[in-house]
Amino acid sequence: MAENNLDQQPQPAEDLQSKKKQSRKALFLLLAFAALIIVLLLPTPEGLSVMGHRALAILAFAVIVWMTEAVTYPVSAAMIIGLITLLLGFSPDPEGTGELLGTKEALKLALAGFSNSAVALVAGALFIAAAMQATNLHKRLALWILSRVGTKTNAIVMGAIIVSIILAFFVPSATARAGAVVPILLGMVAAFGLKNNSRLAALLVLTAVNAVSIWNIGLKTGAAQNMVAIGFIEDELGETIAWSSWFLYAAPFSIIMSIVLYFIMIRLIKPETDNIEGGKQVVQDQLAELGPLKPVEIRLIVLSIILLILWSTEEKLHPLDTTSVTLLAVSVMLLPKIGVFDWKSAEKLIPWGTIIVFAVGITLGTILLNTGGASWLSNTVFGSLGLDSMPLLATIALVSLFNIFIHLGFASATSLASALIPIFIALTSTLALGENSIGFVLIQQFVISFGFLLPVNAPQSMLAYGTGAFTVKDFIKAGIPLTVVGYLLILLFSATYWKWVGLL
């Protein structure tokens, strides 16, 4: 009897919430498989190969899984590899031999993304971010800057933006940058006696995380999704974009957006105080806890400065490309005595799943391009809009709007870039953009990095949202004007600056 009573006791709310979440994820996964099957059962469109048709079915599955997070991104990557191997393996050989391609050859296609140089660059960037975390150098740099800006709230808002900008040059991971700055700002809020959900906390944290997103655009090495675009541009358009060239194109945009961010934030969110008494002391105390600069930090500073110089002078003063330079820096970081950390420390800090997802995204996009699936989808989605008869600026305007809208459903700009960049590359061929092809694709990559409208649109935003410092309503309130200004700047730059510097 007692056992029956125990069985009938109400379950904790957390357990019920977890079960509901798991049920939703299972439903979304079924939906993804249903989309896969439906697309496979449809007749193969005229002019599209069987492999292209099946690649589109896999894309439908991937997009739903990525949008709903039915499974984690690394798990989705493993599933996509399996689907490519099976579905393409049992497709007719594109060479026209009359035989099936075979799973052995299909598996080679499924794993091709792992040999892409862009994947190596992402891996190298994650090692650098891990080195910063292992030594706490990124935290020291953030604290040092904030200790110089004073205690006025507006000055700290500006300081948060400056920290995000400077860290972007040395920490090629948006999540790591946000993880360094946000706790410091919340510590300053606590020093004033306010809680994490205060207006002051919302102001500072939202400013920092949006600044991080803005500088994902400004630097080639600012975020992993940029490497997706670089990988496809190199493979499909036969061109590469030097670090300095990306900076020339995108940094002015990010600088203007950073200024706009400052004025939007100080006007939209009114804090409880205009002066954080004790905030500077908190920063000084945290700096004191870190102690004097350690030899390992000095070595990392020297290495980071050398790396930045080599990045910025790529194709100008030396023939070393960004990826090669980054991997050389990583090898030095791991050396005993002269390095900054060992392999055991590194492997605990590296999000290995990110590398796998990135490689599989490159694979799927490449297959879509090579099988004609991306071209067919591009023509279907954009063909009815009559883009081929429109001026380039109007085309950029319409496609950018589509890009912003579709981002609302994605929690990862890397997965969004994997899905959309191949379609945009195919669109450049359809529209016969010629020498403007790279510029068009790069501009759309800038838009992919926006992520200002919802916290779920970027990992760094979700990290900040998890602190409870702001609500979704707060995020949207700041995000709408940021997105509108960003969109208008895209059009203004397309009509002026990017023409002047030769991007378009």
Side-chain angles (χ1 to χ4, degrees), residues 47 52 55 59 113 116-118 121 217 220 225-250 252-253 314-315 321-322 361-362 364-404 406 413 416-450 487 489-504:
L59 176 65
N116 190 289
S117 63
L121 180 53
I217 300 168
K220 175 181 174 179
Q225 62 263 24
N226 296 342
M227 299 307 106
V228 173
I230 292 294
F232 285 128
I233 288 171
E234 289 179 348
D235 288 349
E236 302 301 326
L237 299 179
E239 297 285 344
T240 189
I241 301 170
W243 192 96
S244 57
S245 297
W246 187 297
F247 187 80
L248 176 68
Y249 302 145
F253 177 90
E314 176 190 4
E315 296 184 357
D321 63 281
T322 305
I362 290 284
L364 182 55
T366 302
I367 289 172
L368 284 165
L369 284 163
N370 292 344
T371 61
S375 296
W376 183 88
L377 189 59
S378 171
N379 292 336
T380 302
V381 173
F382 298 110
S384 59
L385 298 177
L387 295 181
D388 54 343
S389 61
M390 291 184 182
L392 180 58
L393 185 60
T395 301
I396 290 171
L398 285 174
V399 176
S400 296
L401 275 178
F402 166 82
N403 200 342
I404 291 169
I406 205 74
L416 180 61
S418 299
L420 290 186
I421 291 298
I423 298 171
F424 295 146
I425 288 176
L427 183 60
T428 64
S429 178
T430 302
L431 300 178
L433 293 184
E435 62 183 13
N436 290 324
S437 295
I438 292 176
F440 177 82
V441 174
L442 203 57
I443 289 167
Q444 293 311 313
Q445 174 56 32
F446 298 159
V447 179
I448 282 172
S449 291
F450 273 23
Y487 175 71
L489 269 181
I490 287 287
L491 301 186
L492 178 62
F493 271 52
S494 297
T496 56
Y497 178 72
W498 285 328
K499 284 187 175 182
W500 302 337
V501 296
L503 181 60
L504 290 176

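Numbers here simply count residues along the sequence, with the first being 1.
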*Is there a donor-acceptor pair closer than 3.5 Å between any side-chain N or O of Asn403 and the backbone N or O of Val399?*
no
*asked:* Looking only at the aromatic ring of each residue, does the gap between the centers of Phe424 and Phe232 stay below 6.0 angstrom?
replied: no
_Any heavy-atom pair between the side chains of Leu121 and Ile230 that's under 4.5 Å?_
no
*Between Leu364 and Ala55, what is the shortest heavy-atom contact and its length?*
CD1-O, 4.4 Å
*Aromatic rings Phe253 and Phe450: how do their planes relate, parallel, tilted or perpendicular, breaks at 30° and 60°?*
parallel
*Given Phe382 and Phe402, is the side-chain contact (heavy atoms from CB on, under 4.5 Å) satisfied, shown in steps?*
CA-CA 10 Å; Phe382 298 110; Phe402 166 82; 3.8 Å; yes
*Distance in Å, Leu401 CG paired with Ile490 CD1, rounded so as to fall on 0.5 Å steps*: 11.5 Å
*Any sub-3.5 Å donor-acceptor pair from Thr371's side-chain atoms to Ile367's backbone N or O?*
yes
*asked:* Given 3.5 Å as the limit, does a donor-acceptor pair link the side chain of Gln445 with the main chain of Gln225, or not?
replied: yes
*asked:* A side-chain contact here means heavy atoms from C-beta on lying under 4.5 Å apart; do Asn226 and Ser449 qualify?
replied: yes
*asked:* Please check this pair: side chain of Trp498 against backbone of Tyr249, looking for a donor-acceptor N/O pair closer than 3.5 Å.
replied: yes
*Considering only heavy atoms from C-beta outward, does the side chain of Val228 approach that of Ile448 to under 4.5 Å?*
no
*Picking from Thr395, Ile425, Leu503, what satisfies side-chain contact (heavy atoms from CB on, under 4.5 Å) with Phe440?*
Thr395
_CG-OG distance between Leu442 and Ser437, expressed to the nearest 0.5 angstrom_ = 12.0 Å
*Could you give the distance from CE (Met227) to CD1 (Ile233), rounded to the nearest 0.5 Å?*
10.5 Å
*Please round to the nearest 0.5 Å and tell me the distance separating atom CG of Leu369 and atom CD1 of Ile423.*
9.0 Å
*How far does CD of Glu234 sit from OG1 of Thr240, to the nearest 0.5 angstrom?*
3.5 Å
*Parallel, tilted or perpendicular for Phe247 and Trp243, by the 30°/60° rule?*
parallel
*Any side-chain heavy-atom pair from Gln444 and Leu420 closer than 4.5 angstrom?*
no
_Separation of Thr428 OG1 from Ile438 CD1 (nearest 0.5 Å)_ = 9.5 Å
*Grab the two heavy atoms, one from Ala397 and one from Tyr487, that are nearest each other, plus how far apart they are.*
O-OH, 3.0 Å
*Could you tell me which non-hydrogen atom of Ser378 sits nearest to which non-hydrogen atom of Thr430, and how far apart they are?*
OG-OG1, 4.3 Å
*Side-chain contact test, heavy atoms from C-beta onward, threshold under 4.5 Å: evaluate it for Ile396 versus Leu504 and give yes or no.*
yes
_Quick check: closest heavy atoms across Ile362 and Ser418, and the distance to 0.1 Å?_
N-OG, 4.5 Å
*asked:* Give me the atom names and distance for the closest heavy-atom approach of Pro422 to Ala374.
replied: O-CB, 3.7 Å
